[in-house]
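The structure appears below as structure tokens.
Note on naming: letters A, B, ... go to the chains in the order of the sequence lines (proteins, then strands), and numbering restarts at 1 for each one.
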Protein chains: 2
Amino acid sequence: MDPALSPAGRRAASIARHLAGALPAPPSLELAPCLSYAPPESNEPTPAFPLGELRALLDGHHLQERDWVFGAMEESPLFCRRSRGGGKVFVSPDYNEGKEAQREATMRRVAHLARLGVFRGWLTEHSADAELRMIALGECITVYDHSLAIKIGVHFFLWCQTWGVFRIPCRFDALLDDVFRISGPAPSASNPSYVRHLAGAIAIDPAPTIDQLFSSGPLARERVFNLKPELTLSRAYIIFFLHFRGSAIKFLGTKRHHDKWLLDTENYVIKGCFAMTELGHGSNVRGIETVATYDSKTKEFIINTPRESAQKYWIGGAANHATHTIVFAQLHINGINEGVHAFVAQLRDGDGNVLPNIHIADCGHKIGLNGVDNARIWFQNIRVPRENLLNLVADVLPDGQYVSMIDDPDQRFAAFLSPLTLGRVNIAVNSVYISKVALAIAVRYSLSRRAFSATPDGVEMLLLDYPSHQRRLLPLLAKACVFSCAGNFMKKMYVNRTPEMSKAIHIYSSALKATLTWQNMTTLQECRESCGGQGLKTENRVGIFKAEFDVQSTFEGDNNVLMQQVSKALYAEFLSAQKKKKPFKGLGLEHLNGPIPVIPDNLTSSIFRSSKFQMDLFCLRERDLLKRFPTEVSHHIARGESREKALMLSYQLAEDLAKAFTERTILQIFLEDEKNAPDGSLKVVLELLRSLFVMVSIDESASFLRYGYLSRDNVASVQKEVMKLCGELRPHALAVVSSFGIPDAFLSPLAFDWIEANALSSGSH
Amino acid sequence: MDPALSPAGRRAASIARHLAGALPAPPSLELAPCLSYAPPESNEPTPAFPLGELRALLDGHHLQERDWVFGAMEESPLFCRRSRGGGKVFVSPDYNEGKEAQREATMRRVAHLARLGVFRGWLTEHSADAELRMIALGECITVYDHSLAIKIGVHFFLWCQTWGVFRIPCRFDALLDDVFRISGPAPSASNPSYVRHLAGAIAIDPAPTIDQLFSSGPLARERVFNLKPELTLSRAYIIFFLHFRGSAIKFLGTKRHHDKWLLDTENYVIKGCFAMTELGHGSNVRGIETVATYDSKTKEFIINTPRESAQKYWIGGAANHATHTIVFAQLHINGINEGVHAFVAQLRDGDGNVLPNIHIADCGHKIGLNGVDNARIWFQNIRVPRENLLNLVADVLPDGQYVSMIDDPDQRFAAFLSPLTLGRVNIAVNSVYISKVALAIAVRYSLSRRAFSATPDGVEMLLLDYPSHQRRLLPLLAKACVFSCAGNFMKKMYVNRTPEMSKAIHIYSSALKATLTWQNMTTLQECRESCGGQGLKTENRVGIFKAEFDVQSTFEGDNNVLMQQVSKALYAEFLSAQKKKKPFKGLGLEHLNGPIPVIPDNLTSSIFRSSKFQMDLFCLRERDLLKRFPTEVSHHIARGESREKALMLSYQLAEDLAKAFTERTILQIFLEDEKNAPDGSLKVVLELLRSLFVMVSIDESASFLRYGYLSRDNVASVQKEVMKLCGELRPHALAVVSSFGIPDAFLSPLAFDWIEANALSSGSH
């Protein structure tokens, strides 16, 4: 071409050539080979490890029960079975329906599961195994639909846990019968033979001595003998500490009442809910404004909503169906506000009509979870009997005296909040499960979707063959596996709880609830985007999960507040160890008693993957932040700030510390599981997953550079190691997601033949 | 208390004391002062700067028109006016409706806006001002509802822009008339007087010479005189380069056809859509599989969907309403695949019936945007006349010859994709606007919501008085303001486009579309969480935006792919400058021609806030990454990888580079706007906003430490500076969000008296 020609001239010359037929034919852009769907299995290597072993590790427990309930949901037409794409069937709620229809569908599903016996034993079996089974079934139900899980959860977990579920060996029933029989109308509690009978009837093997019995919580011998006559036992008034012998015991009313309520609850005749949150107070439960004033004449509490900000809010199950609720209110008695207590109130009669002086309104349409009927509730001076106070840790005696087992109002309040703990454990493990569903879909899609070729005429590349796509998905996959194990740890700790563990349980459940739910939202967003437009289709599930699970980061404890509590607890540990000059004990902080870990300068791939390096580094960070944070707080206090203000100003270090603690904890848990895993090929993959989790945590947190735990060169090496690990995990990606134990029906068309699912013959959907 | 007592003993003693009345009354937890709503205005200082000045800067243009269309939407019952809380009125679509109802509501709103004249001139006015006005109205419509904006966008922006909109001075009409009149059935294009007439009739002042005329694109003089007789002008066949004199000119068919189509489109008699994406190809448009084969006998193109993966997908507007579409297909002609071209096809007749051999199916329920009827389309060998090829840059002559202005198939393809640019500009600016709505709501809520007190009996604190809450929201606020100005820059560049600018426009629009939409999703998530449970209520808007705007990160160009393109373009600039030993020119890269910026060791607050430091730092980073990235790529190539593979492997540096370029660009734009802003109090706030944007960008990106642009001490100071800036911006927060120009009705009840909005008397909603 003549460079002297103007651009226009060149163009003209080009056209002229075209017209003269002088140009060689341009390269033929052949159509890509027939773009038909090839399942991931056809491309990927056979699994390098036994899938069942990984599933056993990740699920942890009750695999058969999970399969059973998955199967039950898959079979039932109430769960919207749909054939989509090559004979595959999927189940998923219909989100196109209005909230009213979604709620009705949810209730029908609850009833169906009840009929199937899914909830059998949830209220009557008291072992750790039974609790784990209940949580496992809840995880699977959550995979189907979060609304369904929440609807069930507010009834079984919040309502039932709180008002009065016997969770002790059933011979305690016999004990109570005896108590009623012996005590009669005017018993003398100072009868030693009664006390012996008490001990004997508890039927713990071997029978405890009286001292043993009382040391775990119940009334001390002295207390029994000093009881005023008013403290009659004819009302079967026995107070046990929460978590007596690993079980929560709360007792309301007489046994006769109790049995009735128990069966009615298990059979959903009673539908319970949990009214703690108010319009004006969510995180700050201590500030709630609903008032329960004791009327000593009528021996009733008058529950009232004194102003609009006090209306109960977000009460799941209450807008349409709930017959009863737990109400949290400030107890006013004898001219004193004794703080937040819990009461039972009935909302509706047997015909579903709202009782007088109770107003219920809908919370309205939500961005998700429209299968849950959330309500707002106003109480207009309703009256409930004295027995309706949940006398867990405090009670009002018939003569109007307020008594409590716990002196300290803070601890008393904490005891009232304990029902939330099971909720947090559930939320944490459910969030990991949903991440797994989303990742299974996104990974399978990325193993069957092609886009762009590396060479001009080459076959287009699978998404997961792009290093950048691996970097987007595989770290999330690693975290889901590692967090799964953290969830199992949490569950096991919770179901085997003892009173001594309650602080640790509170801290771990707070840290894990916050961390796992935030990670879930991050995972869902990345999975949605990595599925492109297909991620926006509701039936493909990855997208709809975002709205359905968004609530997790702010309900049952706002994540930011929970992590602050974690940092405050660690701060307290630090101060306590410092002050008492005692070694750290508990919360895995024992590493602080040893020497400061030393990180080698030269970090090779094999060092990066060693558990020693990984633990050393995470412990080093935790140790350092557990020094920096109190230092910063003290610095502010020295400058004249109050301690509360100093803590507020040090929020950045608080966040870093809580994160460091949590990540070290999670790593430690996984290392333990890895150690106990069957020897063989699985361990190779576990090391990959663990190392990717650790390396990405370093890569994505400025703290390692910021605080100097690693040099710049190290961190550059970490980034390369991340890429290397992604490449090594790539061939295992399909096998890993196939180990999640999630039946195909609970994934989505996008995870299978998404071309066939969209075939013209498939019709509109 | 006797330490010798066992825990049980102590508890017993405590009870005994209670019973004996010996304990002092526990501290009375008085109810908090009446928790009534206090509007932010009552707490906050009066604005320190004129709100109108900030609005003028952020909105940039057409404030009156924006107010007008906001008012029009607010008044109309079609837009669901609702009274909520103390006499306030809000408008927002009803998301509880099924998708069918949402679509119908959307169409009715489109018709209403059309009747009001909102779209007047969108197709007939050709000035930069008219385009800006159109985009401004689109921003406001987006604030109401994304479905509505998209429904309008696919019709006016994608359909109309592409098939044939005259955007040149109207005397070109006269030109064409003359052309038809002169040329007749068998014209001689070599008639010089014709050419002079051509020039004169274009009516550009002053009239260009023939050389000038042809140098901007049209047929060169030589070309005209060398035309074969077949190239008749009786079909008014004139090809102009895209963006002739700053306007897109695409011409299809005769003027008679054109006028009719133009009016019908502006009046929505024709409803257009845009069928580019396929099930199997989204990002990789070049790989689409729909085929258009030329039948030279009948002078028609036969458009066919050869397999399921080729079905058109996500075609907005097509499922219910569209009568016509642009179809992108591989042009097969004379045995050669000439690549992707665009055609017009009719989908439905005047009665709305789908034409024969076209199959349309719904894409189904989406996680959001259910007001847009997205379709899948199959073409079963439909025939369209030769004239239906959009002969923008290439054409098929009556005798079946394929001709093109552009030799290079890549450039030819890029020309076909140019309609997407306006879409990307719109998406970018719309996303910032939505961030502003969400922030206005979240900030106003945080200025009226209290939780926890710093002292035991103190009044609970406003959320935004917590340093941690400031850290969550105020950087997002700063970014929204700064990004708003970047959006204005983009719009101005686009509406004043010339052919020489097309590369820059492509790079800037890609970088800004990706960056601003991702920032929007981050902002929405944080705003939702910071509003707690209230953020889940649909009517409060912050939550529902997440699902409604999620699509932005993957449609009209996947963000990851766009940023890769940015990095590749920068890489090309680097190679070009290196190879040709010429200075950098364009894209703001001129700073690379100067000396390496030096960052002082000792960084004070005043240095942090200086524009010199900020630009130096961002330029330093960009410079360094523009060296590292090519170095890494070369390294991989030296190891034997192909260039494509080397680029893939260097994805991390590519991402860092694209981000560095974009942030430097955004900073530079804002500095320019700041300089031009009115002197006075506004500049104080602009400096705060800018500095917070920069400081947070440093704080949140490991790159500054990772690559050594700042020392650890510096970065620690940056973190403190962030906190300081948040505290200084805190008193301006209300004023800033009040400058957004968003009427109250388009926020939500949460931004006002959210207690009154929930009052019992307000009823259920």
Side-chain angles (χ1 to χ4, degrees), chain A residues 8-9 11-12 14-16 18 25 28-29 35 96 98-99 214-215 220 222-223 226 279-280 282-284 308-309 314 336-337 339 359 361-362 364-367 378 403 405 407 409 451-452 454 467-468 529 532-533 536 538 543-544 547 553-554 644 648 651 702 705 755 758-760 764-765, chain B residues 8-9 11-12 14 16 18 25-26 28-29 32 35 96 98-99 214-215 220 222-223 226 279-280 282-284 308-309 314 336-337 339 359 361-362 364-367 378 403 405 407 451-452 454 467-468 529 532-533 536 538 543-544 547 553-554 644 648 651 702 705 755 758-760 764-765:
Chain A
R11 283 188 292 272
S14 165
I15 284 247
H18 261 291
S28 202
L29 291 168
L35 188 68
N96 190 37
K99 65 186 199 295
F214 289 152
S215 74
E222 300 88 345
R223 189 164 55 235
N226 288 339
L279 173 59
S283 292
N284 185 15
E308 289 292 359
S309 52
W314 291 125
I336 292 169
N337 181 350
H359 304 281
D362 209 301
H365 193 264
K366 305 184 291 290
I367 69 173
W378 295 254
V403 295
M405 300 295 300
D407 278 344
F452 296 103
S468 55
E529 289 187 27
L536 296 163
T538 299
I544 204 81
S553 55
T554 48
E644 266 312 302
M648 267 187 239
Y651 68 85
L705 273 173
I755 296 185
N758 281 292
L760 180 51
S764 209
H765 47 85
Chain B
R11 283 187 292 272
S14 166
H18 262 290
S28 203
L29 291 169
L35 188 70
N96 189 36
K99 65 184 199 296
F214 289 151
S215 73
E222 300 88 346
R223 189 164 57 233
N226 287 338
L279 173 59
S283 292
N284 185 15
E308 289 291 0
S309 52
W314 291 124
I336 292 169
N337 182 349
H359 305 278
D362 210 301
H365 193 265
K366 303 184 291 290
I367 70 174
W378 296 254
V403 296
M405 300 296 299
D407 280 341
F452 295 103
S468 55
E529 289 188 27
L536 295 163
T538 299
I544 204 79
S553 55
T554 48
E644 267 311 304
M648 268 188 238
Y651 68 85
L705 274 173
I755 295 185
N758 281 292
L760 181 51
S764 206
H765 47 85

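Listed options B:L705, B:T554, B:N284 were ranked by heavy-atom pairs under 4.5 angstrom with chain A; first place goes to B:N284. Listed options A:G282, A:S468, A:A451 were ranked by heavy-atom pairs under 4.5 angstrom with chain B; first place goes to A:S468.
We find the CG-NZ distance between B:L536 and A:K366 to be 8.5 Å, quoted to the nearest 0.5 Å. Taking NZ of B:K99 as the start and CG of A:N96 as the end, the distance is 5.0 Å to the nearest 0.5 Å.
B:I755 and A:L279 get closest at one heavy-atom pair: CA-CD2, 3.9 Å. Residues A:Y651 and B:P467 approach most closely at CE2-CB, 3.5 Å, considering heavy atoms.
A donor-acceptor pair under 3.5 Å is formed between the side chain of A:T538 and the backbone N or O of B:H365.
Of the atoms belonging to B:A547, not a single heavy atom falls under 4.5 Å from chain A.
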